[in-house]
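Have a look at this one.
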Amino acid sequence: MKKIKTIFLLLCAVTLFLIGCEDNRKEYLDDYQTLIYFRNGGDQMLKLYRVGENTVYEIPVCKGGLNREATGTATLSVMEQSQLDMYNLENETRYRQLPDTCFRFLTEAELTFASDEDSKVFRVEVMTDDISAVQESDTENDYVLALQVRADQAISSGINLLILHLDIDIPKLSLGTAGLQSFSYTSESPEENPYANSVVLGLDNLWDFTCGLAVHDQAWLDAYNTENGTNYVLLPESSYTLPDSVTFTSGKSSADFEVVINRKSMGLLQEFVLPVYLASSTKPQFVIEEAASTVLLNVRLDPDKIPLTAAMASSPYTNAGDGQGLDALFDGDVSVASWWHSYYGGGPVGDGTYGYYIDLTLNEPLSAVVFKYATRANANAVLAEVCIGVSNDGENWTEIGRVSFGLPTEGLTWATLPAFSHTTAFRYVRFGVVRSAGGAGGLLTDPNGTTACTALSELELYGANLVK
């Protein structure tokens, strides 16, 4: 059996029985010794929520007039549609009486006032779900519950009608924080990062129920990326914890939860997303508000900038007669006045894997690196292919990344290479130029030597040790 909730009409609370019907009675004292009427007649709005439960509404009827000690009898009746049609013509309305399956009276239709009674209450149960269905099936008519009171005492036609408009709303569930939320970490950030959120019910809660939480799948994220022009990667399941559900208790209109993201296994600069959404409710009458049902936690691990100096760098391919040598790569000056240049014939043969390279000795070990470089103002030997290697002794090298296309061809332009990582930490990094472009460009790994060359204006290194 459905639970019944009692709603009191505005202004008909405790004060109704303290003051009786004093406020309206004086208006009719001159005309009537005793009269009976609706305490709140005319058009009234009743706000309801479709929650799978009926609502009990209390209708106060008052006895007033000069002779307060008189007895009286009041009878409540439902207006016929023909009566409502006449009312509609007179008042330019289009009211339609609710079907009798949408309500029922819980008290006798006839109430008797004793000599010492100023008020009585009719109780009517309205079937909220049924009324909502009627309203949705016929939106052209304004469905009301139109009632009238008759009495054996005098009664005024102006206060013997009650037209209840049933404003039925559907309760909505949403996330307290929704939409795209972006966060970034560094190697110094905590491994576990909590994010507080909540599920919110948009009305005073009278129930105990639960709401399910879940993560959208790859197909959903693919569609999101296509629609928004993004390239987010779904955060692996091993990198987060999320509760399966939250629990609402009566009296609480929100339920808190926490998502914890572990950055330990995240790659540098990869744009991960964890799309958490409100998936279900054990109160099926509650609607999940789609526009506020998903939070996208966009997380990224940023590398630290590694301070570099010329003392940390070496290269057997530096051309002392062209440019300012290795110092130019770390002076912060990206201009026509600052550049490093390689040999362009007559120098050492380029390495078979790394071409013309620059080695860096690190003060602290790293396990992942990101290089940024600026091209020389004269773009006649810009980098066309780059190979990155790492070592722990400066002698034996392991290639961890290569970029063979898409590098800039203009002068004084910055380029950022992808993040490359190794399974173990390393103390040496090799930045190798395998091939250059332009009139002075060419392959720099030829064992027979080459007249090609390359040049840079600036070199920066970012990284992190993710295998501490």
Side-chain angles (χ1 to χ4, degrees), residues 1-5 48-55 128-130 132-133 136 168-183 190-228 230 232-266 271-300:
M1 182 175 180
K2 295 183 177 179
K3 177 182 175 184
I4 296 178
K5 177 180 66 174
L48 302 174
Y49 289 93
R50 196 172 73 187
V51 294
E53 300 167 9
N54 297 336
T55 299
T128 312
D129 288 357
D130 294 336
S132 180
E136 290 176 357
I168 299 178
D169 199 0
I170 301 174
K172 293 182 174 61
L173 290 162
S174 61
L175 293 180
T177 300
L180 184 66
Q181 308 290 317
S182 296
F183 307 93
E191 283 190 2
E192 292 191 341
N193 300 271
Y195 299 98
N197 209 329
S198 61
V199 181
V200 179
L201 176 64
L203 76 160
D204 292 337
N205 179 37
L206 304 175
W207 306 271
D208 295 333
F209 65 100
T210 60
C211 291
L213 299 171
V215 175
H216 285 297
D217 59 16
Q218 186 62 53
W220 184 94
L221 184 57
D222 290 343
Y224 180 92
N225 283 333
T226 299
E227 182 178 351
N228 294 277
T230 52
Y232 294 136
V233 177
L234 195 64
L235 188 68
E237 189 173 349
S238 59
S239 295
Y240 66 87
T241 57
L242 171 72
D244 293 333
S245 62
V246 296
T247 299
F248 280 81
T249 57
S250 178
K252 299 289 186 180
S253 293
S254 65
D256 298 332
F257 68 93
E258 186 177 74
V259 182
V260 179
I261 293 179
N262 192 314
R263 65 158 184 83
K264 186 174 181 180
S265 60
M266 292 172 55
E271 295 284 356
F272 289 102
V273 157
L274 180 65
V276 177
Y277 72 102
L278 182 54
S280 61
S281 169
T282 56
K283 286 289 291 181
Q285 297 83 8
F286 295 170
V287 171
I288 295 174
E289 194 168 1
E290 185 175 354
S293 65
T294 300
V295 58
L296 295 94
L297 296 174
N298 166 219
V299 292
R300 185 186 68 238

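Sequence positions, counted from 1, serve as the residue numbers for this chain.
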Straight-line distance of R263 CZ to I261 CD1, nearest 0.5 Å:
12.5 Å

Are there over 12 heavy-atom neighbours, none belonging to D217, within less than 6.0 Å of that residue's CG?
yes

Would the number of heavy atoms belonging to other residues, nucleotides or ligands and lying under 6.0 Å from CD of E136 be above 12?
yes

Would you say the side chain of W220 lies within less than 4.5 Å of the side chain of T294, judging by non-hydrogen atoms?
yes

Drop me the distance from T128's OG1 to D130's CG, to the nearest 0.5 angstrom.
8.5 Å

Less than 4.5 Å apart, any side-chain heavy atom of Y277 and any of V295?
no

About how many Å separate CG of L274 and OH of Y232, when rounded to the nearest 0.5 Å?
13.0 Å

How many angstroms lie between CE in M266 and CZ in R300, if you round to the nearest 0.5 Å?
9.0 Å

Return the minimal non-hydrogen interatomic distance between N205 and T249, and the atom names on each side.
ND2-O, 3.0 Å

Kindly compute the distance separating NZ (K283) from OG1 (T210), expressed to the nearest 0.5 Å.
11.5 Å

Please check if the side chain of N298 supplies one atom and the backbone of F272 the other of a donor-acceptor pair under 3.5 Å.
yes

Would the distance check show the side chain of S253 and the main-chain N or O of L203 forming a donor-acceptor pair, the cut-off being under 3.5 Å?
yes

Under the side-chain contact (heavy atoms from CB on, under 4.5 Å) criterion, do Y224 and L296 qualify, and how do the steps go?
CA-CA 11 Å; Y224 180 92; L296 295 94; 3.8 Å; yes

Is it true that, when you exclude E227 itself, more than 12 heavy atoms of the residues, nucleotides or ligands shown sit nearer than 6.0 Å to its CD?
no

I'd like to know whether T230 forms a side-chain hydrogen bond (donor to acceptor under 3.5 Å, both in side chains) with N225, so could you lay out the CA-CA distance, the side-chain angles of the two residues, the decisive distance to 0.1 Å, and finally the verdict.
CA-CA 5 Å; T230 52; N225 283 333; 2.7 Å; yes

Verify side-chain contact (heavy atoms from CB on, under 4.5 Å) between Y240 and V299, making sure each step is shown before the conclusion.
CA-CA 11 Å; Y240 66 87; V299 292; over 6 Å; no

Will you find, in the side chains of R50 and S132, an N or O donor that is under 3.5 Å from an N or O acceptor?
yes

Heavy-atom side-chain proximity of V200 to L173 below 4.5 angstrom:
no

Any N262 side-chain heavy atom under 4.5 Å of S238 side chain:
no

Is the W207 ring parallel, tilted or perpendicular to the F286 ring (thresholds 30°, 60°)?
perpendicular

Hey, is the main chain of L235 close enough, under 3.5 Å, to the side chain of S239 for a donor-acceptor pair?
no

Check for a donor-acceptor pair, side chain of D256 on one end and backbone N or O of S198 on the other, with a separation under 3.5 Å.
no

N197 side-chain N/O to L175 backbone N/O, donor-acceptor pair under 3.5 Å:
no

For L213 and V199, which heavy atoms make the closest approach, and how far apart are they?
CD2-CG2, 4.2 Å

May I ask you to decide if the ring planes of Y195 and F183 are parallel, tilted or perpendicular, using 30° and 60° as cut-offs?
tilted

Distance in Å, D169 CG paired with L48 CG, rounded so as to fall on 0.5 Å steps:
10.0 Å

P275 and L234 have their tightest heavy-atom pair at CD-CD1, 3.6 Å

V260 and E192 have their tightest heavy-atom pair at CG1-CB, 3.9 Å

Check F248 against K252 and note the closest heavy-atom contact, atom names and distance.
CD2-O, 3.5 Å

Closest non-hydrogen atom pair between I288 and S280, with its separation
CD1-N, 3.7 Å

Tell me, do V259 and P194 make a side-chain contact under 4.5 Å, heavy atoms counted?
no

Tell me if a side-chain donor or acceptor on S293 pairs with a main-chain N or O of E290 at a distance below 3.5 Å.
yes

